[in-house]
Amino acid sequence: RAAMAKSKFEYVRDFEADDTCLPNCWVVTRLDGRNFHRFAEQHGFSKPNDDRALHLMTKCAQTVMQELEDIVMAYGQSDEYSFVFKNKSNWFKRRASKFMTHVVSQFASSYVFYWKDYFKDQPLLYPPGFDGRVILYPSNQNLKDYLSWRQADCHINNLYNTVFWMLVQRSGLTPVQAQDRLQGTLAGDKNEILFSEFNINYNNEPLIYRKGTVLIWQKVNEVTTKRIKLPKETEEKEVEVTRTRTKAVPLHCDIIGDQFWEEYPEILAD
Ligand code: ATP
Ligand code: ATP
Ligand code: MG
Ligand code: MG
Ligand code: MG
Ligand code: MG
Ligand code: MG
């Protein structure tokens with residue numbers, strides 16, 4: 001390829017914009033499902049939280065982490081996922097368009113590829129799309145605050161959605177009536193409605209709904225069975241083999257407080 005002669009058309013390459021990410025910054029790529037309000041309706045997602053959809057999102061994010069380079073962690077909720085590339089990454093010479101397009105296309109193709117593993121014989125009715133963006137964070141604190149912002153968003157939306165769907169599904173309010181009822185209410189009011197009208201303690205709702213999903217690299221022991229033939233025997237034998245692999249493991253914990261970062265200091269370490 002180096003031997004290939006340059007054509008007179010080659011100059012058009014100079015029209016490409018330089019989108020190199022600033023050195024030393026954490027590179028965050030966030031994707032979000034396009035019009036998933038409609039997608040959820042058309043595919044009969046259970047409300048407020050469809051577990052199949054949440055687990056499919058996480059499977060896609062694990063695929064992105066495993067297939068691409070230099071991702072140190074990911075955080076997801078609803079129809080979005082954020083991926084953090086290490087601040088010293090030099091993948092594709094730190095070109096923002098490469099980070100963004102590889103993340104989004106790998107995620108979208110995985111969503112279609114793995115759909116049937118989570119939705120079984122429920123058909124995928126049309127090809128879903130995702131938008132993407134790249135954001136640079138120059139300090140560890142900025143990055144932590146970014147992730148805290150997404151987790152706070154998860155909490156606020158989930159508290160609202162939990163009460164909203166209780167009012168619709170259990171009290172028979174129309175969506176407009178439920179919306180009116182919640183207009184201007186504070187978190188405390190919503191907790192109170194859940195407790196007094198539906199006997200629900202919000203703090204006992206599943207962590208995956210309240211906190212979203214954090215993906216971090218962890219060493220895990222994988223036990224597989226292998227068929228081997230020993231030299232002196234004629235029959236094949238099944239043996240258990242344990243090997244250590246590094247996997248993107250899901251957690252549903254708080255990442256706003258200091259505890260998470262104290263427990264996993266290697267995430268932000270060089
Ligand atoms: P946009 O294209 O602007 O992102 P959108 O319709 O996707 O539009 P979002 O703000 O991204 O709007 O909201 C995503 C919507 O997808 C939620 O409001 C919710 O209705 C639905 N949704 C996503 N994941 C789930 C899930 N696991 N269970 C139930 N509903 C979900
Ligand atoms: P990169 O990730 O850098 O793009 P690449 O392997 O995709 O790596 P390209 O320069 O994009 O490299 O080249 C695409 C390659 O895919 C071609 O060299 C060719 O081997 C193969 N390829 C693509 N389309 C076809 C096709 N229709 N028939 C046969 N081979 C193809
Ligand atoms: Mg090519
Ligand atoms: Mg949106
Ligand atoms: Mg969306
Ligand atoms: Mg969204
Ligand atoms: Mg190519």
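Counting convention: from 1, in listed order, for ligands and their atoms alike. For reference, positions follow the sequence shown, starting with 1. The model shown is predicted, which means the values in this text are computed figures rather than measured ones.
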J.: Is the closest N or O pair between Asp79 and ligand 1 shorter than 3.5 Å?
T.: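 The answer is yes, given that Asp79 and ligand 1 share an N or O pair closer than 3.5 Å.
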J.: Taking only residues two or more places apart in sequence or in another chain, which ones pass ring pair (Phe, Tyr, Trp, His ring centres under 6.0 Å) with Tyr137?
T.: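 Testing Tyr137 for ring pair (Phe, Tyr, Trp, His ring centres under 6.0 Å), a comparison that skips the adjacent residues, returns Tyr146.
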J.: In ligand 1, which numbered atoms sit nearer than 4.0 Å to a non-hydrogen atom of Leu54?
T.: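 Contacts of ligand 1 toward Leu54, numbered from 1: 27 (N).
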J.: Number the atoms of ligand 1 from 1 as they appear, then name those within less than 4.0 Å of a heavy atom of Asp50, with their elements.
T.: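 This gives 26 (C), 27 (N), 28 (N), 29 (C) as the contact atoms.
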J.: Please could you name the atoms of ligand 1 that Ala53 approaches to less than 4.0 Å, counting only its heavy atoms?
T.: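 The atoms of ligand 1 under 4.0 Å from a heavy atom of Ala53 are 27 (N).
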J.: Looking at side-chain heavy atoms only, is the closest gap between Cys25 and Arg94 below 4.5 Å?
T.: yes
J.: Indicate the ring-plane relationship of Tyr126 and Phe39, choosing parallel, tilted or perpendicular according to the 30° and 60° boundaries.
T.: perpendicular
J.: How about Phe36 and Phe130: are their ring centroids closer than 6.0 Å?
T.: yes
J.: Which bit of Lys47 gets closer than 4.0 Å to ligand 1, counting heavy atoms only: side chain, backbone, both or neither?
T.: side chain
J.: As an exercise, identify every atom of ligand 1 less than 4.0 angstrom from a heavy atom of Arg34.
T.: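 Close to Arg34: 2 (O).
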J.: Just distances here: any N/O of Phe45 and N/O of ligand 1 closer than 3.5 Å?
T.: no
J.: Which ligand 1 atoms, with their elements, are less than 4.0 angstrom from a heavy-atom of Ser46?
T.: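 Reading through ligand 1 atom by atom, the close ones are 28 (N), 29 (C).
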J.: Give me the one residue out of Thr58, Asp32, Thr29 that meets side-chain hydrogen bond (donor to acceptor under 3.5 Å, both in side chains) with Tyr81.
T.: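 By the side-chain hydrogen bond (donor to acceptor under 3.5 Å, both in side chains) criterion, Tyr81 pairs with just one of Thr58, Asp32, Thr29: Thr58.
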J.: Which of the atoms of ligand 1 are close to Asn49, meaning less than 4.0 Å from one of its heavy atoms?
T.: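 What qualifies from ligand 1 is 28 (N).
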J.: Select the closest option to atom 24 (N) of ligand 1 among Ser78, Gly76, Pro48, Ala40, judged by heavy-atom distance.
T.: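 Residue with the shortest heavy-atom distance to the ligand atom: Ser78.
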J.: Looking only at distances, please establish whether an N/O atom of ligand 1 is found under 3.5 Å from an N/O atom of Arg38.
T.: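 Such a contact does not occur with ligand 1.
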J.: Show every donor-acceptor pair shorter than 3.5 Å between a side-chain atom in residues 101-108 and any protein atom, with sequence neighbours excluded, or say none if there are none.
T.:
from, atom 1, to, atom 2, distance (Å)
Thr101, OG1, Ser97, O, 2.6
Ser105, OG, Thr101, O, 2.9

J.: Indicate yes or no: at least one non-hydrogen side-chain atom of Leu136 is less than 4.5 angstrom from one of Trp26.
T.: no
J.: What is the ring orientation for His43 with Phe45, classed by angle as parallel under 30°, tilted 30 to 60°, or perpendicular over 60°?
T.: tilted
